[in-house]
Amino acid sequence: MTYHPKSEFMSVMMKRGFLADCTDYQGLDDALSNGVVPAYIGYDATAKSLHIGHLLNIMVLRWFQKTGHKPITLMGGGTTKVGDPSFRADERPLLDEAAINANIDGMQKVFANYLSYGDGASDAIMLNNAEWLDDLNYLSFLRDIGRHFSVNRMLSFESVKSRLDREQSLSFLEFNYMILQAYDFLEINRRYNCLLQMGGSDQWGNIVNGIDLTRRVLDHEIYGLTTPLLTTSDGKKMGKSQGGAIWLNGDMLSPYEFWQFWRNTTDADTGRFLKLYTELPVEECNRLGALEGSEINAAKIILANEVTTLLHGADAAKAAEATAREVFEKGGVGDDLPTLTLSTDDLGDGISIGQLIVRAGLAGSGKEAKRLIAENGAKLNDEPLTNPGLMIDAAALAQPIKLSAGKKRHALVQLG
RNA sequence: GGGGAGUUGGCAGAGCGGUCAAAUGCGGCGGACUGUAAAUCCGUUGGGGCAACCCACCUAGGUUCGAAUCCUAGACUCCCCA
């Protein structure tokens, strides 16, 4: 792959490591050089917030807009109504329309931090595939769209084949999912003249299907581009830390905790992440990522600041950094720590320390909190907690108290 | 429509009347070492409760001194045949 791109967007993608594959480098590059191109990425509407796994693609859209093009965020409002069956382990309850729309609202808030939406030529737009899926007529869909799909070919897709090989059941619904996704591309091309779909490399098959379908039905030439599936350098899936997902919505994960996630990046990933998740010049990223030993911590702080600034703003990033410095370097308390505020009603005659740890989000269950105490991992105002039966009452909360789980996770509890 | 297999902790997967809160692995958490990194090592790991104690192997009944294990019914999942 020694293609030398003309367009700024392609050049950024390649330089910064966003590019996994492209259906037609030359064709896409030409199109991008000849004017404003709309491109979309699809998102499920199943969760209330986007998480860090989505961030890579959001950055792609951001660059896309920065280099003069029109990003489209497609919400799977219609497909979500059917329920994506690919993770059918625990049959999740189907979401109703209100829940789906609430999810979409939550996500839009996040997108708005990265993209500017509006009516201008290169302003981003948000679509919902319910727009064209809701009123589909089965028979005409079969006749117009279904005839372009060869079951023989669909069976050869890796996602399908592996299921069949393992003799796992594959429902007809799930089998149809790829058709609906292809149809999305067709409709977005037809309605919004969208020329490009992007996505993770696991979406390659779906993207190609959409391209083929659009060519057959409309005779339009359109393109696909995929980003690598990111794993951390030790091979784990990106985006998990201390048990919880790294959400992008501030009310689900505080800016401080978000900042901490990036601060704790592995050495080997630092340079790569700088290129992917920040907008610092590539040379700077390379320089920072190449720092040795403990010096690379400075690079990680820059990474955390940059990424947090994009999502939550510069003030939030600064506050997170200040708090981190306070907590880790001075062993003190920063005001940006996750804070649990209790009313006197909540408190009643007193609440056990175990409950408090759970309420503060430092443990998932009372048993876990107790375990933490037993393992000497819990601290109260930096004093090791030894008594699992300790009761906290209003008097003990006259001053806010600092709870710690291990060395890295801290929270404040105050009376409010 | 008929026949068969199955449902165990976050996941994978043992157990098939007592010694089972339940092997093992993964994951998670804590500790040591460091640089708030990685690797490694050690420990820990169902839930509720301040506690005593209680609830827990799909659900509801039953048999038994005793059930995750046996019986009955139901729900769900998968496979094969039509």
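So you know, we letter chains A, B, ... as the sequences are listed, proteins then strands, and number each from 1.
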To the nearest Å, give me how far apart [atom1] ([X]) and [atom2] ([N]) are.
X	N	atom1	atom2	value
Ile357(A)	rC50(B)	CD1	C1'	13 Å
Asn297(A)	rA38(B)	CG	P	11 Å
Leu385(A)	rC50(B)	CG	C1'	14 Å
Ile373(A)	rG30(B)	CD1	P	14 Å
Asp349(A)	rG49(B)	CG	C1'	16 Å
Asp336(A)	rU36(B)	CG	C1'	16 Å
Lys367(A)	rG9(B)	NZ	C1'	15 Å
Ile301(A)	rU36(B)	CD1	P	10 Å

State yes or no: are the ring centers of Trp262(A) and Tyr277(A) separated by less than 6.0 Å?
yes
Taking atom [atom1] in both [N] and [M], compute the distance separating them and give it to the nearest angstrom.
N	M	atom1	result
rU7(B)	rG66(B)	C1'	25 Å
rA75(B)	rG61(B)	C1'	15 Å
rG46(B)	rC33(B)	P	27 Å
rC42(B)	rC57(B)	C1'	31 Å
rC20(B)	rA68(B)	C1'	8 Å
rA12(B)	rC78(B)	P	15 Å
rA82(B)	rC65(B)	P	49 Å
rA5(B)	rG9(B)	P	22 Å

Which nucleotide in the list [options] gets nearest to the side chain of [X]?
X	options	value
Gln260(A)	rA51(B), rU45(B), rU36(B)	rU36(B)
Ser352(A)	rG43(B), rG47(B), rC50(B)	rC50(B)
Asp267(A)	rU36(B), rG35(B), rC50(B)	rG35(B)
Glu375(A)	rG35(B), rA37(B), rU44(B)	rU44(B)
Lys300(A)	rG47(B), rC29(B), rG35(B)	rG35(B)
Arg409(A)	rU36(B), rG30(B), rG35(B)	rG30(B)
Lys408(A)	rA37(B), rU44(B), rA51(B)	rA37(B)

OP1, OP2 of [N] versus side-chain N and O of [X]: anything below 4.0 Å?
X	N	result
Lys407(A)	rC33(B)	no
Arg371(A)	rG47(B)	yes
Thr265(A)	rA37(B)	no

Knowing that exactly one of Tyr40(A), Tyr43(A), Tyr117(A) qualifies, which makes a side chain to side chain donor-acceptor pair (under 3.5 Å) with Thr73(A)?
Tyr117(A)
What is the pairing partner of [N], taking Watson-Crick or G-U wobble pairs with both distances under 3.5 Å in any strand?
N	answer
rU77(B)	rA5(B)
rA32(B)	rU40(B)
rA14(B)	none
rA67(B)	none
rC20(B)	none

pair Tyr114(A)-Leu55(A): side-chain heavy atoms closer than 4.5 Å
yes
Are any non-hydrogen side-chain atoms of Leu213(A) and Ile145(A) less than 4.5 angstrom apart?
yes
Taking Glu257(A) first and then Arg409(A), would you say they form a salt bridge - that is, a charged N and a carboxylate O separated by under 4.0 Å?
no
Take Tyr183(A) and Asn129(A) through the test side-chain contact (heavy atoms from CB on, under 4.5 Å) and record every step on the way to the result.
CA-CA 10 Å; Tyr183(A) 182 67; Asn129(A) 64 8; over 6 Å; no
Flag yes if more than 12 heavy atoms outside Lys318(A) fall under 6.0 Å of its NZ atom; otherwise flag no.
no
